[in-house]
Structure formats: C-alpha cells, structure tokens
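Since the model is a prediction, treat every value here as computed from it, not as a measurement. No hydrogens, no waters, no symmetry mates; every other heavy atom, side chains included, goes into these values.
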Amino acid sequence: MTTSPQTAGVRLPAHLPHPFSPAGRADPGPAYGWLRAHDPVHYDPFSRMWWLTSHADCAAALRADGLSAAAGQRERARSDALPPSMLTTDPPEHQRLRAPGQLLLGPAVIRALADVLGADVDALVDGLAPRADGVEDVGAPFATAVFGRLFQLPRADWATFAALARAASVNLDPLAGPAVAMAGRAAMGELSRFLTAHARTVTEGPLARLKADTRLTEREWAGILGLAVVGGWQPLAEAVGNALYWLLPRPDAVALLREGDADDARLLVQELLRLEAPIPFTARVARAQVALPGGTVPQGGRVLIIIGAANRDPAVFERPDELVPGRAANPQLAFGAGSHFCLAAQLVRVSLELLLTRLVRRHPSLALAQPSGELAWDPRPLPRRLLGCPVTTGSADAR
C-alpha cells in the first residue's frame, strides 16, 4: 500500500498538457522538462505513479535493489500475466535467465551476425524505391532480416515471422484496451508456437546452444525468444524512422556518417538513440522506501522511470535537445542500466550502424520527403514512433 505522497500538491502548469493526455503524448518534452526542473521525483495523481525525470534519479532507480522490475510489470494497466523472462523477474532469478541469453546475444554472436547481415542490408538499400517510408519500407524489413538471421529462420519463413512479430508487438503498450490486449495475447501465443517449433529443428548455432542449455526449461528459452521479438522487432523498426527524422535534416551529420569511420558511426547512433529512444520509460515498484538524489519513493510506490526525459537532462547533456554527432561523453539510458541493462543493446547498435551507414552511402541525396516539423508522432506513449517517415532518394523518379 503506497503511503500518502508528500509532494501530491505539485501540479503541472496549466499551459503544459499532461504527457499521457491526447495533447501531451505527441510532445511530452515540455512537461518532462518542467518536472525535471521543479519536481524530479514527482507523484502523478493521474497515473498514481512516482515519475522520475532527471538523469541522476533515473540512473539510480535503474540500479536500485529496492525497486522491483517484476512487480513493475505486474502493475501494468493490463491484467494478462507475462511469462517468466528477464523482463518479469528480479535477481537472482533474473540472472539465471539472463546468463543463457548471452548464448543468443553475446558479442561473438553479434559479430558473426553482422557479417552475414551485410548482404541483406545491401539488398534492402539497393532495392529502395525513389519514394519510400523509413519505417515500413526500411525499418520493418530491416528488423525482420536482423531477427531472421538471429533465429536462423529460413528465408521462406521471414514473411510469416514478420506478420507474427507485428501482431505480437501490441504487447508493448501497457495501456492497451481489453480488445487489443486480448488480440496481443493470442498473437503472442502464435509467435511462441512458431518460434518453438522452428527452434526444435535447429541443430547448430546460437539457437541450438540456447535450447540445449540445461539451466532453462523449454518454456523459459521460448520466453527469451518471445521477449527478444516483442522488445526488439518493432522498437528496432521504429528506431530507423526516429533516426532518419533527426539525421536527414542535418547534412553535416549525414556527411560524417557517409565519409567517417566506425567510431563516427558508433557515436552518431548513440546520439540518435539518446534523442529518441523507442522505449521511453519503464516501470518499477518500491519493495521498501527508496532514497534517490531528487527525493524519496515510499514503500509500495509505483515508479515510472522516464528514460526519454533523463536523456534530455541539461545537467548531463550540453545542448540536450539537439543532435550533436560527435558527442563522446554520452551516458544515455536508452538501453536501461544495472542488472536489467538490455541484453540486445549491442545487437541494436551494431545493426543500426550497419544500416544507416550503407543507406547514406548508397543514397547520398536521401532526404525527408516533407519537413520534419510536419511529421506526426503516434499518440500512444509506447513505443515512441512516427506515424510515417516518408523519404526520397533524390533520384529523378522520386520527383
């Protein structure tokens, strides 16, 4: 039971829409900025959660033993139970499930994946139409190729996998209504059955090593695969559109990516993820009173760690709302921190570096088809995504 919030009287100014309201969802930045400056550990009566908006508080909360990720998942607006996974467990159970996950997402696997993924990326960017959508025509097929290679799926199964992944991705939304949640549960079941049946046929490689790990039951290794898809396929696809939104209006950044080296690409992708993390917040519940740099969360308090706000904190990032291509000191929290740091972080970074670099080299005149200020953001708070990201390659056919 949450104790009475000491800061319950703090309210957003009337001119700032609540970030979860229809008016505030498209651009929650101004409200987050006000809270970060005036009440960084803020009790929000609408969601009945403690909102953390400063980098210091979010980073501390992600590492705090007293904040439970498992309980945070159970506090979703939806009533359906999530299967046991790294997302829905706390230490030490979390570590037991996480360690075998390295068999699928460890550094050596990602390096090998990048080698074979290059041909898929080349085929994608070479076949890009003169006018295309950055998410539907680039991001989605790219995410499908990444996971198709990661899961060792036959190419003939990629379309089926993509349809199942898209349908199951509604499980990302913690505020989904009953009908959508029911459809998400059904889609997740279909996806799990599809991946489990496929994995049983694989006899070598990372997937075979994962399913053979004696630390896991079949339900647990299947849960790792399902979590990777729900937490990775759509966010990776959307990360492409989000990245193009920030990158393409900046010729200097495009030139750096096109002409620079691997370090330039790495720093730029880190900066793009800082500006627009596809997963902008995560939930926890306080098992005991937790003291944070900006305030205290009472025992039982439901906590929203707003990563999107932390990544724009001017106390940590100079010019926080701008793309700074060579930003070297970049402690962004797009992948979380602490024991729950995203196991697929290297997969996302390496694959995005590969795609964006080859995309701007193959299409040096690639540009947004309309001004970035005219593009619309999805009113749903999770994932953070554009409703469309139209691009043109600059060829004669595109005009």
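Heavy-atom minimum distance, V109 versus P206: CG1-CG, 3.8 Å. Among all heavy-atom pairs drawn from L386 and G241, the shortest one is CD1-O, 3.7 Å. Looking at every heavy atom in both residues, L225 comes nearest to A199 through CD1-CB, 4.5 Å. Here the closest non-hydrogen pair linking P314 and R36 is CD-NE, 3.6 Å. When all heavy atoms of L368 and C389 are compared, the pair lying nearest together is CD2-SG, 3.9 Å. Annotation for L268 and A253: closest pair CD2-O, 3.9 Å, computed over non-hydrogen atoms.
Taking hydrophobic clusters as Ile, Leu, Val, Met, Phe, Trp and Tyr residues chained together by side-chain heavy-atom distances below 4.5 Å, L103 does not share a cluster with L207. Both L323 and L375 belong to a single network of hydrophobic side chains, linked directly or stepwise wherever heavy atoms of I, L, V, M, F, W or Y lie under 4.5 Å apart. L267 and V360 are not part of a single hydrophobic cluster, where members link through side-chain heavy atoms under 4.5 Å apart. Hydrophobic clustering (ILVMFWY, side-chain heavy atoms < 4.5 Å, transitive): V135 and L247 are in distinct clusters. Put simply, L164 and W221 are part of the same group of oily side chains (I, L, V, M, F, W, Y) that touch within less than 4.5 Å, one to the next.
Between the OG1 atom in T393 and the CZ atom in R362 there is a gap of 8.5 Å [rounded to 0.5 Å]. Within the model, atoms CE of M49 and CZ of F281 stand 8.5 Å from one another, a figure rounded to the nearest 0.5 Å. Atom-to-atom distance recorded for E271:CD and R327:CZ is 4.0 Å, nearest 0.5 angstrom. Separation of atoms CG (L117) and CG (L355) is listed at 8.5 Å; rounding is to 0.5 Å. We find the CG-CD1 distance between L347 and I110 to be 4.5 Å, quoted to the nearest 0.5 Å. Residue R266 holds its CZ atom at 9.0 Å from CG of D264, rounded to the nearest 0.5 Å.
Proximity of P100 to L210: side-chain heavy atoms (C-beta onward) are separated by under 4.5 Å at one or more points. Here the side chains of V240 and L359 are not in contact, with every heavy-atom distance at 4.5 Å or above. Counting heavy atoms from C-beta outward, L352 and L272 have side chains that stay 4.5 Å or more apart. The shortest side-chain heavy-atom distance between P40 and L52 does not fall under the 4.5 Å cut-off. Between L356 and L257 the shortest side-chain heavy-atom distance falls below 4.5 Å. Residues F194 and L153 have side chains in contact (heavy-atom distance under 4.5 Å, counting atoms from C-beta outward). Between R302 and R48, the closest side-chain pair of non-hydrogen atoms falls below 4.5 Å. Side chains of W158 and D120 form a contact here, defined as non-hydrogen atoms less than 4.5 Å apart.
Aromatic pair F147/W233: centroids not less than 6.0 angstrom apart.
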Quiz item: Yes or no on side-chain contact (heavy atoms from CB on, under 4.5 Å) for T282 and L62, after CA distance, side-chain angles and deciding distance?
Solution: CA-CA 9 Å; T282 188; L62 288 166; 3.9 Å; yes
Practice problem: Report the C-alpha distance between R384 and E238 in whole Å, list the side-chain angles of each, state the deciding distance to 0.1 Å, and finish with yes or no for salt bridge (Lys or Arg N to Asp or Glu O under 4.0 Å). | Solution: CA-CA 8 Å; R384 176 70 171 163; E238 306 299 352; over 6 Å; no
Practice problem: Report the C-alpha distance between R200 and E218 in whole Å, list the side-chain angles of each, state the deciding distance to 0.1 Å, and finish with yes or no for salt bridge (Lys or Arg N to Asp or Glu O under 4.0 Å). | Solution: CA-CA 10 Å; R200 288 172 180 158; E218 180 176 283; 2.6 Å; yes
Quiz item: Where do R358 and E353 land on the salt bridge (Lys or Arg N to Asp or Glu O under 4.0 Å) test, with the steps shown first?
Solution: CA-CA 8 Å; R358 297 194 182 197; E353 291 164 21; over 6 Å; no
Quiz item: Going through the checks in order, is the side chain to side chain donor-acceptor pair (under 3.5 Å) test met by R349 and S351?
Solution: CA-CA 6 Å; R349 286 192 298 245; S351 58; over 6 Å; no
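Between E322 and R312 no salt bridge is recorded (no basic side-chain N to carboxylate O distance below 4.0 Å).
Every residue meeting the side-chain contact (heavy atoms from CB on, under 4.5 Å) condition with H18, not counting sequence neighbours, appears here in chain and number order: F20, S21, D44, F46, W51.
In this structure a side-chain-to-backbone donor-acceptor pair under 3.5 Å is missing from E136 to D133. Remark: the backbone N or O of L354 is not paired with any side-chain donor or acceptor of T357 at under 3.5 angstrom. With N171 contributing its side chain and A168 its backbone, the two residues share a donor-acceptor pair below 3.5 Å.
Geometrically, R25 does not engage W377 in a cation-pi contact, judged by NZ or CZ lying under 6.0 Å from the ring centre and within 45° of the ring axis. Seen from the ring of F317, R274 counts as a face-on cation partner, given the 6.0 Å and 45° thresholds.
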